[in-house]
Amino acid sequence: MKNLVTFLSIVGVMPFYVSARTVNSPDGKLVVSTDVDGAGRPIYSVIYDGKTMLEKSPLGFKSNLGDFSSGMSLRDKHSRDTVNREITQDRIKKSRFRYNANRLTENYVTHDGKKMAIEWSVSDNDIAFRYIVPKQGDTASMVISEELTGFHFPAKTTAFVTPQSDAMIGWKRTKPSYEENYIVDAPVSTRSQYGHGFTFPALFRIGDDGWALVSETGVDGRFCGSRLSDNENGEYTVAYPMPEENNGNGNASPAIALPGKTPWRTITVGAGLAPIVETVVPWAVVEPRYETESPARPGRGTWSWLLWQDGSINFNDQKKFIDLAEAMGYENVLIDNWWDRNIGRDGIKKLADYAKSKGVNLIIWYSSSGYWNDITQSPTNLMDRPVERKKEFKWLKGLGISKVKVDFFGGDKQETMRLYEDILSDAADYGIDVIFHGCTLPRGWERLYPNYVGSEAVLASENLVFSQDFCDAAPFNATLHPFIRNTVGCMEYGGTVLNKRLNRGNDGGNYRRTGDAFELATAILFQNPVQNFALAPNNLTDAPADAIEFMKKVPTTWDDVRFIDGYPGRYAVIARRHGDSWYVAGVNAGKEPLKLKLDLSSIIDKNDVMTLYADKEGCQLKSETLKIKKADAVPVTILPAGGFVLVKD
Ligand code: CA
């Protein structure tokens, strides 16, 4: 049959019906099959190393131009090519990588002659695909009302996912902001907490057959952010924002100009977790949106608000944190909300000058609002429109300030994605780098935007002060992020607390449950090009001297990453390389000490000397020198809520 179809297609007798096609990864292990079913629905399935990762799953969308999800025919006309690219990229987990992929573009036609294509780009462990829609006659724009792209996992699959929140709830009605708890190893039929499904990235374990991570990339001001629906009949579907997001302002349905493309949907698969921790697909398939004259300036910083809260946003306390930054050799000090009221613009100028004299830069906080929440934390209403925004950036540039942090965004609608892009683009014109807080997941943004340096989009360290439960759950959460949230984009967590207590005096408030080495390990496990650590001036004298020395040297930019060991929710061990130095970091969320023999043979040799920072029962953290006997079996013990870092310089 297949030969006949091919023959007839070649001679042009059967233009519409063709049999299924496949596209394989360069190593041949990953196989995507595409087809249309009996109802003319485009479908696909995924096999990795002979094992089914995704069963037949739907493709397509519905739009104001018609239904591109059923009654479709797969045309014989298709194209294949290969991509072999060497990519250099700062601010992510690897500084240089190869992207080798086989591409297939399939063409479909609706029953009434409208055209659509699906482009597949398949590398050894990553699938990226998107819809391409040509101009249809004179029609040059389209609103997509619903995307049917689905992910039908085998029944044995379990999910490691975090729900999408209701819109317009929480602090000053600022949700959703990707700050929800995870469920782990849950059956795929598990309903989400709010009934709106789950946010990207979503991790799945297909029994003993492997792992899959589902996400998206290349979402900029020209589309909305998406998520996964709740699982219906075994299937998750791509879902668009809720109409209530952004206080109801802006369309929940994305609109594109034709010819046009949707963002890439991505699926990363492997037998183990290494391809997921090490994936670069979010950056491999997208291109920079613009260039800047001043490249982004990654670095470390201090952040008074984390432990000292609003009361610290005053001239004298900020001087203390500038002094702390200088003592640590850090590049930045983050000045949080209310600075306009409690420090004033003249005060900020004086602080900027003072900081400059210490070799330190200021990061200045703004609310994104806006007409989409109830935030009164000021300054407000300066980042949502270009007139005010550019005036502000001009003022900052005049003071020599190179970074802003913009907070409290309104959700995932196209209108809000446009605001992120507008802020970044305007900031770039003034040589200013941008961190987002109270925000959506970045989707390839380190590559799209050269002055983008971080996003929160996680239940972050700010919650330690607010909630003892969050302090208690810190070890559990730390074993999730290296395998889920942080795999597809940078994560501004504000970690490494060396206070024992979560208050200004280190003598009251919530209790930190984790060991000091655990806290050092999170500085490696959690990746963000700008790290604003939760250190306080008292830590210079009351924290272990070796911990402070470690924090003085810790990098925030990385050249390479390796999954070493772990299981989300239980423990995590990963290695990162900065220049010639390898940092191996691990944490344990279990109730018992964890004895591991780490295979580090891909990064060190026998007789190498490493420095070990580890939590030990009843004694203060002290580094020790370790001579490696067997590189493929390096023994470490991780205490409950403890951690370690091994450094090879
Ligand atoms: Ca937050």
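Note that this is a predicted model, so its numbers are computed, not measured. For ligands, and for the atoms within them, numbers begin at 1 and follow the listed sequence.
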Looking only at heavy atoms, the pair that brings Arg300 and Lys553 closest together is NH1-C, 3.9 Å

Within less than 3.0 Å of the Ca ion (ligand 1): protein N, O or S atom count: 4

Salt bridge (charged side-chain N to carboxylate O under 4.0 Å, His left out) between Glu180 and Lys175, intermediate numbers included: CA-CA 10 Å; Glu180 308 300 324; Lys175 287 192 179 191; 2.9 Å; yes

Would you call Glu492-Lys405 a salt bridge at under 4.0 Å N-O? yes

For residues Glu147 and Tyr240, is any side-chain donor paired with an opposing acceptor at under 3.5 Å? yes

For Arg389, is there an ion pair with Asp429 - N to carboxylate O distance below 4.0 angstrom? no

Check the angle between the aromatic planes of Trp305 and Trp303 and answer parallel, tilted or perpendicular using the 30° and 60° thresholds. parallel

